[in-house]
Amino acid sequence: MTAARLDAPEAYTEADPTDFLATVEGLPGQLAEAIAIASAAGPLPGADGVSSIAVLGMGGSGISGELCRTLLAARARVPVATIRDYALPAWVGPGTLVFAVSYSGDTEETLAGFDTAQARGARIVAITSGGTLAARARAGGHTVVSVPGGLMPRAALGYVGMPALVVADRMGLAPGLAGDLAEAVAVVGQRMAECRRTVPAGGNLAKQLASRLAGVLPLIWGTEGIAGAAAYRWRCQINENAKGFAAWAVFPELNHNEVVGLYGRAEGREPIGVVVLRHDGEPPRTARRIEATTELVGPSVAFIEEVHARGSSEAARLLDLVCVGDLVSTYLGILQGIDPAPIEAIVRLKAALGA
């Protein structure tokens with residue numbers, strides 16, 4: 001499939017009847033709006049005595065935990081953990097700042113975690129468009145950051161991902177982050193302007209990558225930290241937007257296992273396309289590992305492409321890589337005639353569970 005197909009207006013009207021892509025293209029504005037909403041939310045919990053931060057969330061809402069964990073790592077003087085389960089670890093208690101994130105407000109795992117956190121006396125900030133989470137949080141006297149509803153959770157990255165970062169900055173737990181988030185909005189805006197649907201494939205990185213990934217098993221590599229978080233997001237978005245299987249891994253860990261499975265891979269097996277997410281903040285030794293690894297496994301895969309992040313801050317670089325992945329995954333679905341919006345498997349699973 002050629003990327004030029006994505007220059008044809010009928011490709012979008014046929015495969016994307018609800019114009020899911022429009023929401024993806026609206027990411028820069030959504031990021032800015034979410035930052036403004038969180039900047040005005042309150043009152044906030046007290047920061048004195050906070051000894052840990054936990055982010056509760058699943059699926060499209062769960063990406064907020066990865067953003068928070070990754071971007072606070074260099075700033076917060078307390079550990080930050082992402083929790084994607086019903087149960088909370090024993091360390092969550094009165095000294096824990098808990099961000100309960102559910103775009104719909106009705107995610108059962110997040111609600112279970114919220115109830116436990118509340119029972120243990122944790123400091124809670126709920127981030128949601130409404131539902132049961134908003135009602136329980138207000139009833140318990142907790143801070144609620146209310147964001148606009150009506151989107152697929154995975155298309156609400158700004159609304160679920162920015163508030164926890166803004167609140168952490170406002171509480172003094174992540175000093176200086178506000179300026180980085182402002183830069184991120186500008187960087188993502190520029191990337192989106194270069195890769196939106198009206199930009200021809202010849203000069204559109206996202207369309208070109210989508211074309212290369214069509215017909216191969218996508219393998220997304222990042223480095224521990226921001227590129228690793230972005231690689232995880234790429235995998236999830238390919239799963240849901242393109243309805244395809246994908247894998248992800250991070251350096252340097254993948255040099256101790258995954259590289260063995262790729263080296264000398266036998267012909268005749270499903271072709272693999274590797275996308276390596278890069279940025280200027282990579283440790284020099286890790287950068288050398290990337291170069292050596294791509295040289296080693298290059299003959300065993302269909303291709304290896306690199307995507308280089310823009311921006312001077314980690315926030316800008318991370319969100320830039322995420323922006324490219326969101327576009328690539330959506331274009332990949334449309335290119336193959338797949339509607340990126342529906343997620344029938346998840347709907348059926350929830351029905352089977354009685355959710």
Side-chain angles (χ1 to χ4, degrees), residues 1-8 11-12 15-16 20-25 27-28 63 154-155 157 187-223 226-251 262 270-279 290 293-294 297-298 300-311 316-340:
M1 299 180 185
T2 64
R5 168 64 179 162
L6 291 168
D7 292 340
Y12 302 96
D16 187 15
F20 178 85
L21 178 59
T23 304
V24 176
E25 291 175 326
L27 178 60
I63 188 61
R154 68 187 186 277
L157 173 72
V187 168
V188 171
Q190 180 60 39
R191 180 73 78 174
M192 191 64 70
E194 296 174 7
C195 293
R196 61 175 59 252
R197 78 185 82 184
T198 55
V199 178
N204 190 318
L205 171 66
K207 288 182 178 181
Q208 294 169 10
L209 274 174
S211 176
R212 297 216 72 183
L213 289 173
V216 303
L217 174 65
L219 175 55
I220 316 301
W221 283 350
T223 50
I226 62 171
Y232 170 72
R233 169 73 172 183
W234 275 60
R235 189 267 280 176
C236 294
Q237 291 294 83
I238 291 171
N239 291 160
E240 295 194 66
N241 294 342
K243 314 299 184 285
F245 188 78
W248 72 290
V250 296
F251 290 95
L262 285 179
E270 182 178 9
I272 292 175
V274 180
V275 178
V276 187
L277 306 182
R278 308 289 305 270
H279 63 92
I290 294 173
T293 303
T294 55
V297 305
S300 302
V301 299
F303 64 85
I304 298 176
E305 290 276 6
E306 292 188 352
V307 176
H308 289 260
R310 296 172 176 171
R317 292 168 181 167
L318 171 53
L319 288 167
D320 181 49
L321 291 173
V322 165
C323 174
V324 177
D326 285 8
L327 284 164
V328 169
S329 61
T330 307
Y331 285 142
L332 179 58
I334 292 169
L335 184 61
Q336 297 176 111
I338 296 170
D339 187 345

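Heavy atoms only: backbone and side chains are in, while hydrogens, waters and symmetry mates are out. Just so we're clear, the structure is a prediction, and the values are computed from it rather than from any experiment.
By the 4.0 Å N-to-carboxylate-O rule, Arg191 lies close enough to Asp320 to be salt-bridged with it.
Between Leu327 and Val24 there is a side-chain heavy-atom pair separated by less than 4.5 Å. Using a 4.5 Å cut-off on side-chain heavy atoms (C-beta onward), Arg154 and Cys236 make no contact.
Going from atom CG of Asp326 over to atom CD1 of Ile238 covers 10.5 Å, rounded to the nearest 0.5 Å. Rounded to the nearest 0.5 angstrom, Asn241 CG and Asp16 CG are separated by 9.5 Å. Summarising the geometry, atom CG belonging to Leu277 is positioned 10.5 Å from atom CZ belonging to Phe251; distances are rounded to the nearest 0.5 Å. The CG atom of Leu209 lies 5.5 Å from the CD atom of Glu305; values are rounded to the nearest 0.5 Å. Separation of atoms CG (Asp7) and OG1 (Thr198) is listed at 10.0 Å; rounding is to 0.5 Å. Within the model, atoms CD1 of Ile290 and CH2 of Trp221 stand 9.5 Å from one another, a figure rounded to the nearest 0.5 Å.
Using a distance-only test at 3.5 Å, with no hydrogens or angles considered, a donor-acceptor pair links the side chain of Lys243 to the main chain of Asp339. Between the side chain of Tyr331 and the main chain of Gln208, no donor-acceptor pair closer than 3.5 Å is present. The backbone N or O of Ala246 lies less than 3.5 Å from no partner atom in the side chain of Arg235, so there is not a single donor-acceptor pair. With Lys207 contributing its side chain and Ala4 its backbone, the two residues share no donor-acceptor pair below 3.5 Å. In terms of modelled atom types and a separation under 3.5 Å, the side chain of Glu25 and the main chain of Arg197 share a donor-acceptor contact. Using a distance-only test at 3.5 Å, with no hydrogens or angles considered, no donor-acceptor pair links the side chain of Thr330 to the main chain of Leu21.
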May I have the step-by-step check of side chain to side chain contact (heavy atoms under 4.5 Å, CB included) for Leu213 and Val275, ending in yes or no? CA-CA 9 Å; Leu213 289 173; Val275 178; 4.1 Å; yes
Using side chain to side chain contact (heavy atoms under 4.5 Å, CB included), reason through Leu157 and Leu319 one step at a time and then give a plain yes or no. CA-CA 10 Å; Leu157 173 72; Leu319 288 167; 4.2 Å; yes
Would Leu205 and Glu194 count as a side chain to side chain contact (heavy atoms under 4.5 Å, CB included) here? Give the steps. CA-CA 8 Å; Leu205 171 66; Glu194 296 174 7; over 6 Å; no
Between Trp248 and Arg233, is a side chain to side chain contact (heavy atoms under 4.5 Å, CB included) present by the stated rule, with each step listed? CA-CA 9 Å; Trp248 72 290; Arg233 169 73 172 183; over 6 Å; no
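Residue Arg196 comes nearest to Asn204 through the heavy atom pair O-ND2, 3.1 Å, listed as atom of the first residue, atom of the second, then distance. His279 and Ala309 get closest at one heavy-atom pair: CB-CB, 3.9 Å. The nearest pair of heavy atoms linking Val187 to Gly311 is CG2-CA, 4.1 Å. Between Ala230 and Leu321, the shortest heavy-atom distance links the atoms CB-CB, 3.7 Å. Nearest heavy-atom pair across Ala15 and Pro340 is O-CD, 3.6 Å. Minimum interatomic distance between Gly222 and Ala231 (heavy atoms only, all atoms of both residues): N-CB, 4.0 Å.
For Phe245, the CZ atom sits in a loose shell: 12 or fewer heavy atoms of surrounding residues, nucleotides or ligands are nearer than 6.0 Å.
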